[in-house]
Amino acid sequence: MRDTDCTLFRELVAELALSILTGPDRSAALAHLDRCARCQAEVASLAESADRLLGLAPARDAPDGFESRMTAAFGLPPPEPAAERRRVRPARRDFAGPWWRPGALAAAVAAAGLLCFWLNGTITTPQPPTYDGAVVAALRTPVGVPAGEVAVTGAPQRWLIMVVNPNAAPGWYHCYLRTSGGQQIPTGAFRVGSDGGVWVSRLPIPESKLTGARLVGPGGTQAASATFS
Amino acid sequence: MCVDGSLAEGLSDEALLAGMAAGAIGAGTAFVRRHQARVYGLAWTLLGDPDLAEDVAQETFLRAWRHGTDFDPRKGSVRSWLFRITQNLAIDALRMRRAEPMDPGTLLAHLALDDDPVDHITRLEDAERMRVAVRGLPTPQQRALVLAAYLGRTAEEISRIEHIPLGTAKTRIRAAMLRLRATLGEEARR
C-alpha cells in the first residue's frame, strides 16, 4: 500500500478498528496510519462505534460472593453489606503494588480468612480471625521447580487460593483437584500474566477428600502440581 | 490510603480506577461493585458458560487493578477499556478451548432482547440508539458484525463460518460498520 493511498486503506479501516486485521494487511495499514491524520480520525471514529457495540451486552448479576472473592483476590478486607454499610469507615491497612510476590499466600489467606469471618460473623467489631485451619501446599513443576502455592482456608468457609509465580508461561491455566478416591475434579480456569497470577474460588469438595491440585497450562501441558499432606 | 465506601461510590470511574491502582481501600471494592454486572454480563454473553464467565470477569478486574495506571482516558472511557479486556480474555478462553463460537443469531437475540434495567437514562438512550442501528442492518451484515466485533473473528474466519467468499466477508464487515456509524451520527443529530 502506498503511503498516500487512502482509498486502499479505506478497504481495511473497519477491520483495523475492530482489531481483527492481521498479517501484511495490518502492517501496511498501520504504516499508512502513521502518516495520515485523516485516516487516523477515520479509525478512531469507527473504533468508538465498535466500543459502543460491546456495551449492548446485557448486564447480569455476578454469582453470589463475586465481590467478596474479588476483594480477597485484591488482598483487601471484605466489603460490608450495602444495608449495613457505615457512614464512616476507618482505615484498616494500606497496600501498595503487587502483593503476590512477597508473602502472597499469607496475604491471600489473611484476606480470605477475614472474608470467611465476615460471611459468618455476627459481631459488629471486626477482630482478626485465626487461620490455624489453613492448609498450604507448594506448587511444583514436573521437574520440581517451585511454581507457586495453593491453600485452602479453614472451616467453615472453605476457599481455594492459587498463587502462580511470575516466571510461569503466560496464558490460561486449568485447575484440577485430586481426591482421595482418585478423581480429578475440574475446578476452573484463570489467566496467568507475565507478572504471575492469583485465583480464588470456593472449594468444591470436602476438604477431607482433597489430596492435591494440578495445573494444566497453555497448550494442555502439565504445568505444576501440589500434594496436600 | 483509604477511600470511604460511601465516598468512593460518588467518584468517577477514572478516579476509582486511579484509587484502586494506587491501593486505596474502598476504591477497589467500589469499582468492582459498580462494574461487575456489566463485565460479567459481557463475559456470559460471549461465552455462554457461567463458570468460565466468572473466571473471565475475575481476571478482568485483576488486570484492571494491576494495570490501572496504564489506562489512558484519551483513548476512551474506563468502561470501554474494561469491556475490551473482558472481550480479549473471553476470546482467548474460547480459542484455548477450541470451542465453536456462539451462533451469531443467538448472540444477536441476547443483545436485542435486553432492556438494560440497571443502567441510567442517558446510557439507556445510547444503548437503544445502538440497538436500533444494529437492527437496521441486513441480517448477513448483522451476523458478520457480531462475529467480528464480539467474537474477534477475522474476515477469513467469517468467510469459513458463513460459507462465503473472503471478499464478501470483508465487504459485509465494512458495510456494517460504516452503516452503523452513519445511523448513529444521524440519530445523534436529531
Side-chain angles (χ1 to χ4, degrees), chain A residues 10-15 17-22 45-63 66-67 69-71 73-74 76-77 79-80 82 85-98 171-172 188-191 193 195 197-200 218, chain B residues 1-2 4-6 22-23 25-26 28-29 32-33 36-38 40-42 44-46 50-52 54-55 57-59 61-62 65-66 76 79-80 83-84 87 89 92-93 96 110-111 114 116 118-119 126-127 130-131 134 148-150 152-155 170 173-174 177-178 180-181 184:
Chain A
R10 295 294 163 95
E11 297 293 319
L12 305 172
V13 66
E15 291 166 72
L18 288 163
S19 303
I20 59 167
L21 194 61
T22 57
S45 160
L46 286 172
E48 188 192 341
S49 297
D51 282 346
R52 289 169 70 185
L53 270 173
L54 292 180
L56 278 189
R60 274 181 181 267
D61 287 338
F66 179 82
E67 188 179 318
R69 285 193 289 283
M70 286 313 309
T71 304
F74 292 159
L76 292 170
E80 296 175 51
R85 208 170 300 140
R86 286 164 291 172
R87 275 285 172 208
V88 179
R89 188 175 178 193
R92 291 181 180 161
R93 71 181 179 87
D94 290 343
F95 77 98
W172 281 87
F190 61 104
R191 189 168 176 84
D195 49 1
V198 61
W199 182 61
V200 182
Chain B
M1 192 192 321
C2 172
D4 177 69
S6 55
I25 292 173
T29 304
V32 171
R33 186 173 290 151
Q36 62 180 344
R38 279 294 183 177
Y40 177 73
L42 176 59
W44 192 98
T45 301
L46 297 177
D51 291 335
L52 195 54
E54 185 180 355
D55 291 337
Q58 181 173 314
E59 181 59 24
F61 284 112
L62 284 171
W65 175 48
R66 290 174 196 161
R79 178 179 281 221
S80 294
F83 284 169
R84 279 278 170 221
Q87 184 199 26
L89 289 168
D92 281 355
M96 190 193 70
H110 283 313
L111 303 177
D114 173 46
D116 206 356
V118 300
D119 228 329
D126 187 63
M130 184 59 87
R131 273 188 207 100
V134 173
Y150 286 88
R153 298 287 163 169
T154 64
K170 283 177 169 287
I173 294 165
R174 182 166 173 268
M177 284 299 289
L178 294 177
L180 198 63
R181 184 180 60 178
L184 289 170

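Proteins come first, then strands; the chains are lettered A, B, ... in the order of their sequence lines, and each starts at number 1.
- A donor-acceptor contact shorter than 3.5 Å links the side chain of B:Arg38 to the backbone of A:Ala57.
- Minimum heavy-atom separation, A:Gly55 to B:Phe83: CA-CE1, 3.5 Å.
- At a 4.5 Å heavy-atom cutoff, the contact between B:Leu42 and chain A is made by backbone and side-chain atoms alike.
- Across all their heavy atoms, A:Trp172 and B:Ala93 have their closest contact at NE1-N, 3.9 Å.
- In this structure a side-chain-to-backbone donor-acceptor pair under 3.5 Å is present from B:Arg174 to A:Arg10.
- Heavy-atom distances place both the backbone and the side chain of B:Leu89 under 4.5 Å from chain A.
- Heavy atoms of B:Asp51 lying under 4.5 Å from chain A are absent altogether.
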Item checked: Pair A:Leu12-B:Lys170, side chain to side chain contact (heavy atoms under 4.5 Å, CB included): steps then yes or no -> CA-CA 8 Å; A:Leu12 305 172; B:Lys170 283 177 169 287; 4.1 Å; yes
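- Residue contact with chain A, scored on non-hydrogen atoms closer than 4.5 Å, involves the side chain of B:Gln87 exclusively.
- To the nearest 0.5 Å, atoms CG (A:Leu56) and CE (B:Met130) are separated by 6.0 Å.
- Only the side chain of B:Glu59 comes within less than 4.5 Å of a heavy atom in chain A; its backbone stays farther off.
- Interatomic distance, A:Leu54 CG to B:Leu46 CG, rounded to the nearest 0.5 Å: 7.5 Å.
- Taking CE of A:Met70 as the reference point, atom CD of B:Gln36 lies at 9.5 Å (rounded to 0.5 Å).
- The shortest non-hydrogen separation linking B:Thr154 to A:Ile20 is CG2-O, 3.4 Å.
- Contact of A:Glu11 with chain B is made through backbone and side chain together, with heavy-atom distances under 4.5 Å.
- Between chain B and the options A:Leu18, A:Val13, A:Leu53, A:Asp51, heavy-atom pairs under 4.5 Å are most frequent for A:Leu53.
- In this structure, B:Tyr40 and A:Ala62 approach most closely via the heavy-atom pair CD2-CA, 3.7 Å.
- Counting heavy-atom pairs under 4.5 Å between each of A:Ala47, A:Ser45, A:Ala17, A:Gly171 and chain B puts A:Ser45 at the top.
- By the 4.5 Å heavy-atom criterion applied to side chains, B:Thr45 and A:Pro58 are counted as neighbours.
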